[in-house]
K.L.:
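Okay, handing you the structure first.
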Amino acid sequence: MHPPAPELLDWYDRHRRSLPWRGEGDPYRIWLSEVMLQQTTVAAVGPRYARFLARFPDVEALAAAPWEAVAAEWAGLGYYARARNLHAAAQAVAARGGFPETEAGLRALPGIGAYTSAAVAAIAFGRPTVPVDGNVERVTARLFDIRDPLPAARPRLAQLARGFMEQPVARARPGDFAQALFDLGATICTPRRPACALCPWRGHCAAQAAGVQDSLPVKAPKPVRGLRHGMHFLLRDGSGRLLLRHRPPQGLLGGMPEIPGTPWREGAAWSEAEALAHAPLAAEWRLLPGVARHGFTHLELEMRLLTALLPEGAPVPEGFFWLGEAEARGALPTAMGRLLALAAPGGEGPVPQVPPTPAGTGLLAGEAPAMAPRATPARGRPRGAPGSGPPKRRTKP
DNA sequence: AAATCGGGGCA
DNA sequence: TGCCCAGATTT
């Protein structure tokens, strides 16, 4: 039996969070917020949402923008396929003259799946549907004391959640009802130590009745993340600009600018000599101290940095571009920014110049480094293989 | 069904 | 540190 919708909606009317995207119901703004909030906390989205809207005020502006502008605006938010799909969907919406107003129509746009189509349909267009996100899954698992582990239990939880729309009071306010579930999950029915005493549905919760609310939902254990190593090449020209390239459009950090480097391989760290074969051009590369660490969802990365100045009269290699350092800091994904920080521990200024030793190695120039991070060979390698590593000083996150 | 795809916030 | 987050897409 589902708990009564009026009790949740009354609570929502009194306690709902004031959030930037809870405004007049502009579908563009609601869609943007939903995409930005995919696997991303409200706290992280807050400032970025306003900034994005200021730069792309409506779907036509976003559709007309070049990819580089969208990528720079999304930099640091992660899951860059969202930005690519957002851009493509904006162009589709602009071309057809507006957003589809049904769940199925929205679902056909790139980057809009089961959750986002339901959320936009309910919040922007008042369709009677229940978007099922992590909050709703948790609330539902507790209300009905579902002990099957996620993600296997997902279809069952989604079906239970949809059952709320059988109540006419919920059907009358689908957008508010959805957001009430979000707020309940975010502020009361939290992952740890839920505040059941404050819950508008206390007395209707099977998990609380059984005293197991703290341990639901059950989640399947996560696989261990493998460790990979990379060596990157920071080249500055006479005016201090940096040599960058774009990553391949698919895959890790797809379509984003990067500091050129070796592939990210499992096993041993790159030696300097070994890595030089991947240099964008021949120069007097110097290995900087320090290791930049960055964790992705399914792998962990340790990168080191070689730096050089553009040799006098050297041709700029194909497939690269120059960007000022300040602009690069804003446009690079976080992993690359962390790498860049190795070159400027103080945060500003060029690399402290050391008189070049004549040890610089002549190197093959120009070889087009179409580097894509190898799509997962075997894993399960023992963690933390004792690298043939230099000093393990790492940058602070 | 399982893998891939980021990074910030917070105990 | 590990866990979580207004998930989607590909394999």
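Letters go in sequence order (proteins before strands), and every chain restarts at 1.
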K.L.:
Name the pairs: protein N/O against N/O of nucleotides 8-10 of chain B, kept only if under 3.5 Å.
P.N.:
unit_1: B:dG8; atom_1: OP1; unit_2: A:Thr334; atom_2: OG1; d: 3.0

K.L.:
Could you tell me if A:His294 and A:Arg338 have a donor-acceptor pair between their side chains, going purely by distance under 3.5 Å?
P.N.:
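On atom types as modelled, these side chains qualify, holding a pair under 3.5 Å.
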K.L.:
Base, sugar-phosphate alone, or nothing: which one does A:Ala152 contact when heavy atoms must sit under 4.0 Å apart?
P.N.:
nothing
K.L.:
On the nucleotide B:dG6, are OP1 or OP2 found under 4.0 Å from the side-chain N or O atoms that A:Thr40 carries?
P.N.:
no
K.L.:
In this structure, how many angstroms lie between the P atom of C:dC5 and the CD atom of A:Glu34, rounded?
P.N.:
15 Å
K.L.:
Let me spell it out: for each of A:Gln38 and A:Lys219, pick the nucleotide of DNA chain C with the closest heavy atom. Which residue's pick is nearer the 5' end?
P.N.:
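Whichever sits nearer the 5' end wins; that is A:Lys219.
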K.L.:
With rounding to the nearest 0.5 Å, note down the distance linking CZ in A:Phe233 to CZ in A:Phe320.
P.N.:
10.0 Å
K.L.:
If you compare every side-chain N and O of A:Gln39 against the phosphate oxygens of C:dC5 (OP1, OP2), does one of them come in below 4.0 Å?
P.N.:
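No, outside the criterion.
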K.L.:
For A:Arg17, which contact category applies under a 4.0 Å heavy-atom criterion: base, sugar-phosphate, or nothing?
P.N.:
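Base: the residue A:Arg17, judged by heavy atoms under 4.0 Å, touches a nucleobase.
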K.L.:
Classify the side chain of A:Arg84 and the base of C:dA8 as holding, or not holding, a donor-acceptor pair under 3.5 Å.
P.N.:
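There is none.
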K.L.:
When you compare the protein's N or O atoms with those of nucleotides 9-11 of chain C, which come within less than 3.5 Å of each other, and at what distance?
P.N.:
unit_1: C:dT9; atom_1: OP1; unit_2: A:Gly111; atom_2: N; d: 2.4

K.L.:
Whole angstrom is fine here: how far is it from CH2 in A:Trp264 over to P in B:dT4?
P.N.:
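Value for this atom pair: 15 Å.
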K.L.:
Answer with base, sugar-phosphate or nothing: what part of the nucleic acid does A:Ile123 contact at a heavy-atom distance below 4.0 Å?
P.N.:
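A:Ile123: no heavy atom of the nucleic acid under 4.0 Å.
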K.L.:
Regarding A:Arg22, tell me which of base, sugar-phosphate or nothing describes its non-hydrogen contacts under 4.0 Å with the strands shown.
P.N.:
base
K.L.:
Reckon A:Trp31 touches a base, only the sugar-phosphate, or nothing at all at heavy-atom distances under 4.0 Å?
P.N.:
nothing
K.L.:
Output the single nucleotide from C:dA6, B:dG7, C:dC4 whose closest atom is nearest the side chain of A:Leu253.
P.N.:
B:dG7
K.L.:
I want to know whether A:Trp201 and A:Phe164 have ring centres closer than 6.0 Å.
P.N.:
yes
K.L.:
Considering only the P atoms, how many Å lie between C:dA6 and B:dA11, rounded to the nearest integer?
P.N.:
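15 Å, rounded to whole Å.
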K.L.:
Answer whether the closest heavy-atom distance between the side chains of A:Leu310 and A:Leu281 falls below 4.5 Å.
P.N.:
yes
K.L.:
Could you give the CG-to-C1' distance, from A:Leu37 to C:dG7, as a whole number of Å?
P.N.:
11 Å
K.L.:
May I have the distance from A:Asp176 (atom CG) to C:dA6 (atom P), rounded to whole angstrom?
P.N.:
18 Å
K.L.:
When the distance from CG of A:Leu32 to C1' of C:dA6 is rounded to whole Å, what number comes out?
P.N.:
13 Å
K.L.:
Roughly how many Å is it from CZ in A:Phe296 to P in C:dG2, rounded to a whole number?
P.N.:
17 Å
K.L.:
Under the salt bridge (charged side-chain N to carboxylate O under 4.0 Å, His left out) rule, what pairs show up with a residue in residues 121-141 of chain A, not counting sequence neighbours?
P.N.:
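The answer is A:Glu137-A:Arg154.
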K.L.:
Quick check: is A:Val212 connected to A:Leu157 through a chain of hydrophobic side chains (ILVMFWY, heavy atoms under 4.5 Å apart)?
P.N.:
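The answer is no; the residues belong to distinct hydrophobic clusters.
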K.L.:
Indicate, with a heavy-atom threshold strictly under 4.0 Å, whether A:Ser33 touches base, sugar-phosphate, or nothing.
P.N.:
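Nothing: the residue A:Ser33, judged by heavy atoms under 4.0 Å, touches no strand.
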K.L.:
At under 4.0 Å between heavy atoms, what does A:Ala114 touch on the DNA or RNA strands: base, sugar-phosphate, or nothing?
P.N.:
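Sugar-phosphate contact only.
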K.L.:
Over how many whole Å does the gap from A:Glu137 atom CD to C:dC3 atom P extend?
P.N.:
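The distance from CD of A:Glu137 to P of C:dC3 comes to 18 Å, rounded to the nearest Å.
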K.L.:
Which heavy atom of A:Tyr49 sits nearest to which heavy atom of A:Pro20, and what is that distance?
P.N.:
CD2-CB, 3.8 Å
K.L.:
Assign each of A:Leu332 and A:Pro151 to its nearest nucleotide of DNA chain B by heavy atoms, then name whichever residue's nucleotide is nearer the 5' end.
P.N.:
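It is A:Pro151 whose nearest nucleotide is closer to the 5' end.
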K.L.:
Which class fits the ring pair A:Phe99 and A:Tyr28: parallel under 30°, tilted 30 to 60°, perpendicular over 60°?
P.N.:
tilted
K.L.:
Looking only at side-chain N and O atoms, does A:His298 come under 4.0 Å of OP1 or OP2 in B:dC5?
P.N.:
yes
K.L.:
Using whole Å, report how far CD of A:Glu103 lies from P of C:dA8.
P.N.:
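Result: 11 Å.
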K.L.:
Regarding A:Val35, tell me which of base, sugar-phosphate or nothing describes its non-hydrogen contacts under 4.0 Å with the strands shown.
P.N.:
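No contact.
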K.L.:
Quick one: which of A:Arg22, A:Arg14, A:Arg16 gives a salt bridge (Lys or Arg N to Asp or Glu O under 4.0 Å) with A:Asp183?
P.N.:
A:Arg22
K.L.:
With rounding to whole Å, what would you report as the distance between C:dT11 and B:dG6 at their P atoms?
P.N.:
15 Å
K.L.:
Base, sugar-phosphate, or nothing: which does A:Pro191 touch, judged by heavy atoms less than 4.0 Å apart?
P.N.:
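A:Pro191: backbone/sugar contact only, no base atoms under 4.0 Å.
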K.L.:
Any donor-acceptor pair under 3.5 Å between the side chain of A:Tyr79 and the base of B:dG6?
P.N.:
yes
K.L.:
Roughly how far, to the nearest 0.5 Å, is the CZ atom of A:Arg156 from the CG atom of A:Leu160?
P.N.:
6.5 Å
K.L.:
Looking just at side-chain N and O atoms, do A:His232 and A:Trp264 make a donor-acceptor pair shorter than 3.5 Å?
P.N.:
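Side-chain D/A pair, A:His232 to A:Trp264: present.
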